[in-house]
Number of protein chains: 2
Amino acid sequence: MGKRHYGQFCGLAHAADLIGERWALLIIRDLFVSPKRFTDLRRGLPRIPTNVLSARLKELETEGVVERRVLPRPDGSVVYQLTEYGRDLEDIVLALGRWGARTMGEPGPDDIVTPDALVMALRSTFHAGAADGAELRYELRVGDVVAGAHVHDGKLDATTGELPEADLVIETGPAIKGLLTRELTAAEAVTSGAVRLTGDPALLDTFVQTFHLDRDLSVTEQSRS
Amino acid sequence: MGKRHYGQFCGLAHAADLIGERWALLIIRDLFVSPKRFTDLRRGLPRIPTNVLSARLKELETEGVVERRVLPRPDGSVVYQLTEYGRDLEDIVLALGRWGARTMGEPGPDDIVTPDALVMALRSTFHAGAADGAELRYELRVGDVVAGAHVHDGKLDATTGELPEADLVIETGPAIKGLLTRELTAAEAVTSGAVRLTGDPALLDTFVQTFHLDRDLSVTEQSRS
DNA sequence: CTGGATCCCTCACGATACTG
DNA sequence: CAGTATCGTGAGGGATCCAG
């Protein structure tokens, strides 16, 4: 069965052949956070039909973007992870996420936030320059979804789940978007009640300096700054 | 008409909602080269059904990625062009094209090369550093598709069609890919007959230094170099 | 329980014809 | 030239089922 194909001898057309099918980019997003089993992927993408997930994983595997690995005994289960070629999409995925976030409206009633999406939001809005030597741990709670950001040595470790030793716990909801775009100042966010803090409230300013979306920055400039 | 929607409050998911539908990315590619009329787009994307092209243009327009402009009288025709928001995809599109090109095989019998694809290939493989002060004009012919590259002041003007005053005319076929990936050296390309030159043959080395694909470079590094 | 495969239905896409 | 109309097909969506 010959796959659907744009029929152009062009890098972009080939890229679209590889990762342009429905759900592929979101599967890749989740695999950037960590290798996952079939069921983990389902949990992060609750609306994907299992046959489509199955098909995408097979396609991405034959294309060399994802690899399937069988865990050692006694578990013997299967995990999917990005290949090196797949990981080379990182800057593109982060940049595309920033681009999309700029026109994202309020969440609809059935829009969800997943832990992996939150981790990627942190990674894509991270500004190495603003971190500036300090070591800080943030726990970010959006609804009941939790992610942790550990900033140290100008680098970021962002992971799903709680971060026990956090210097600041930020509890919020859809207002997270306004915070990261800086349409909402840290002060407003707190006084309006859109954000609840545990820890030193002054650290929220540091947080938005470290994690924010610049409306007018390109791919390159963002990753440089 | 509620559009199909991933249902995740996530920048990447929203980006995929905006430009993830079939053909959208290739329409955008062609509009990066120049504003176009409906029929021009058809010519560059011969396999797109007209109803799909029509639907994509409407969607991209309501999303603010593309704008429809009616030309002044007496012509009165319609052109589509990217909005500023759409143009912000440039680095992403170029990077994605490079990523895809790395695993592109030989062209199949019905794969085509279009002038716009060739222009974007030049833009995505351009290395400002290598241009180094000199002003040079290349005319690139892949099959019967022609594009021109004018390098000056460390910048690139790449356009479709012939470039009358070219310092070097490069005539080739699918071998263009080997040339740009440097799997094929300039010398080999010429002696094997895969490339025919008109002008100073030594300029082909300059060409591949200026235009090539680095197998191991990320988005950021490529645009910096 | 995980890791899918299978079935059925619908709609987006593909091909082509046609119109202002 | 710039699309709209029509219609068939296959990918995607949703639910269920099954093997290890």
Side-chain angles (χ1 to χ4, degrees), chain A residues 1-8 13 16-27 30-31 34-62 66-81 110 112, chain B residues 1-8 13 16-27 30-31 35-63 66-81 110 112:
Chain A
M1 75 160 245
K3 267 204 59 191
R4 205 138 136 258
H5 184 245
Y6 282 111
Q8 299 208 355
D17 283 334
L18 295 179
I19 59 167
E21 303 270 316
R22 196 159 172 75
W23 292 106
L25 219 41
L26 296 190
I27 293 170
D30 285 6
L31 292 182
S34 63
K36 286 186 168 55
R37 292 176 302 182
F38 192 90
T39 309
D40 299 330
L41 285 165
R42 282 188 69 180
R43 215 189 328 276
L45 304 167
R47 307 235 266 212
I48 194 173
T50 61
N51 57 348
V52 173
L53 177 54
S54 193
R56 289 295 160 275
L57 287 170
K58 280 195 187 74
E59 294 159 11
L60 292 171
E61 190 190 352
T62 63
V66 162
E67 59 195 6
R68 180 192 161 101
R69 191 161 54 95
V70 178
L71 292 180
R73 285 282 164 198
D75 171 316
S77 75
V78 177
V79 292
Y80 297 91
Q81 59 190 20
D110 49 353
I112 63 171
Chain B
M1 68 150 230
K3 266 206 61 191
R4 204 136 136 259
H5 184 242
Y6 281 110
Q8 298 209 355
D17 283 334
L18 295 180
I19 59 167
E21 303 271 314
R22 197 157 172 74
W23 292 106
L25 218 43
L26 295 191
I27 293 170
D30 285 6
L31 292 182
K36 284 185 172 53
R37 292 176 302 182
F38 192 89
T39 309
D40 300 330
L41 286 165
R42 281 189 69 179
R43 213 188 330 275
L45 305 168
R47 308 235 274 217
I48 194 174
T50 60
N51 57 350
V52 173
L53 177 54
S54 193
R56 287 299 160 272
L57 288 170
K58 280 197 188 74
E59 294 160 11
L60 291 171
E61 190 189 352
T62 63
E63 291 159 354
V66 162
E67 59 196 6
R68 179 193 159 101
R69 191 160 54 95
V70 178
L71 293 180
R73 284 283 164 198
D75 169 316
S77 75
V78 177
V79 292
Y80 297 91
Q81 59 189 19
D110 50 353
I112 62 172

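Note: hydrogens, waters and symmetry copies are ignored here, and every other heavy atom, side chains too, is used. Chain letters run A, B, ... following the sequence lines, proteins first, then strands; residues in each count from 1.
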Of the options C:dA12, C:dG14, D:dG13, whose atoms approach the side-chain atoms of B:E21 most closely?
C:dA12

Does NZ or CZ of A:R68 lie under 6.0 Å from the centre of the six-membered ring of A:F38, at an angle within 45° of the ring axis?
no

C:dT2 phosphate, OP1 or OP2, under 4.0 Å from A:Y80 side-chain N/O:
no

Measure CG/A:L26 against P/D:dG13 and give the value in whole Å, please.
11 Å

Answer yes when B:R56 and B:E59 have at least one side-chain N-carboxylate O distance shorter than 4.0 Å, and no when they do not.
yes

Would you please confirm or rule out a distance under 4.0 Å between OP1 or OP2 of C:dG4 and any side-chain N or O of A:R42?
no

Round to the nearest Å and state the distance from B:D17 atom CG to D:dG12 atom P.
15 Å

It should be established whether A:W23 places a side-chain nitrogen or oxygen under 4.0 Å from OP1 or OP2 of nucleotide D:dG13.
yes

Looking only at atom types and distance, does a side-chain atom of B:E63 sit under 3.5 Å from a main-chain N or O of B:I19, one as donor and one as acceptor?
no

Specify the separation, in whole Å, of atom NE2 of A:H5 and atom P of D:dA11.
15 Å

Using whole Å, what does the distance between atom C1' of nucleotide C:dT19 and atom CZ of B:F38 come to?
14 Å

Under 4.0 angstrom, heavy atoms only, what part of the nucleic acid is A:S54 near: base, sugar-phosphate, or nothing?
sugar-phosphate

Between C1' on C:dA15 and CG on B:L53, what's the gap in Å once rounded to a whole number?
15 Å

Carboxylate-amine/guanidinium proximity below 4.0 Å for B:D110 and B:R47
yes

Ignoring backbone atoms, test whether B:K58 places a side-chain nitrogen or oxygen under 4.0 Å from the OP1 or OP2 oxygen of D:dT4.
yes

Nearest whole Å is fine: how far is D:dG13 P from A:D110 CG?
14 Å

Between A:N51 and A:V78, which residue's closest nucleotide on DNA chain C lies nearer the 5′ terminus?
A:V78

Check whether B:E61 reaches the backbone of B:Y80 with its side chain - one donor and one acceptor, N or O, closer than 3.5 Å.
no

Figure out the CD1/P separation between B:I48 and C:dA12, and round it to whole Å.
16 Å

Side chain of B:R4: nearest nucleotide among C:dG3, D:dT4, D:dG12?
D:dG12

Atom-to-atom span, NZ of B:K36 to P of D:dA2 - whole angstrom:
13 Å

Check every strand shown and say whether B:R43 touches a base, only sugar-phosphate, or nothing at a heavy-atom separation below 4.0 Å.
nothing

Select one nucleotide: of C:dT2, D:dC1, D:dA11, the one nearest the side-chain heavy atoms of A:R56.
D:dA11

Looking at D:dC1, I'd like to know if its phosphate oxygens (OP1 or OP2) sit under 4.0 Å from a side-chain N or O belonging to B:S77.
no

What nucleic acid atoms does B:T50 come within less than 4.0 Å of, heavy atoms only: base, sugar-phosphate, or nothing?
base

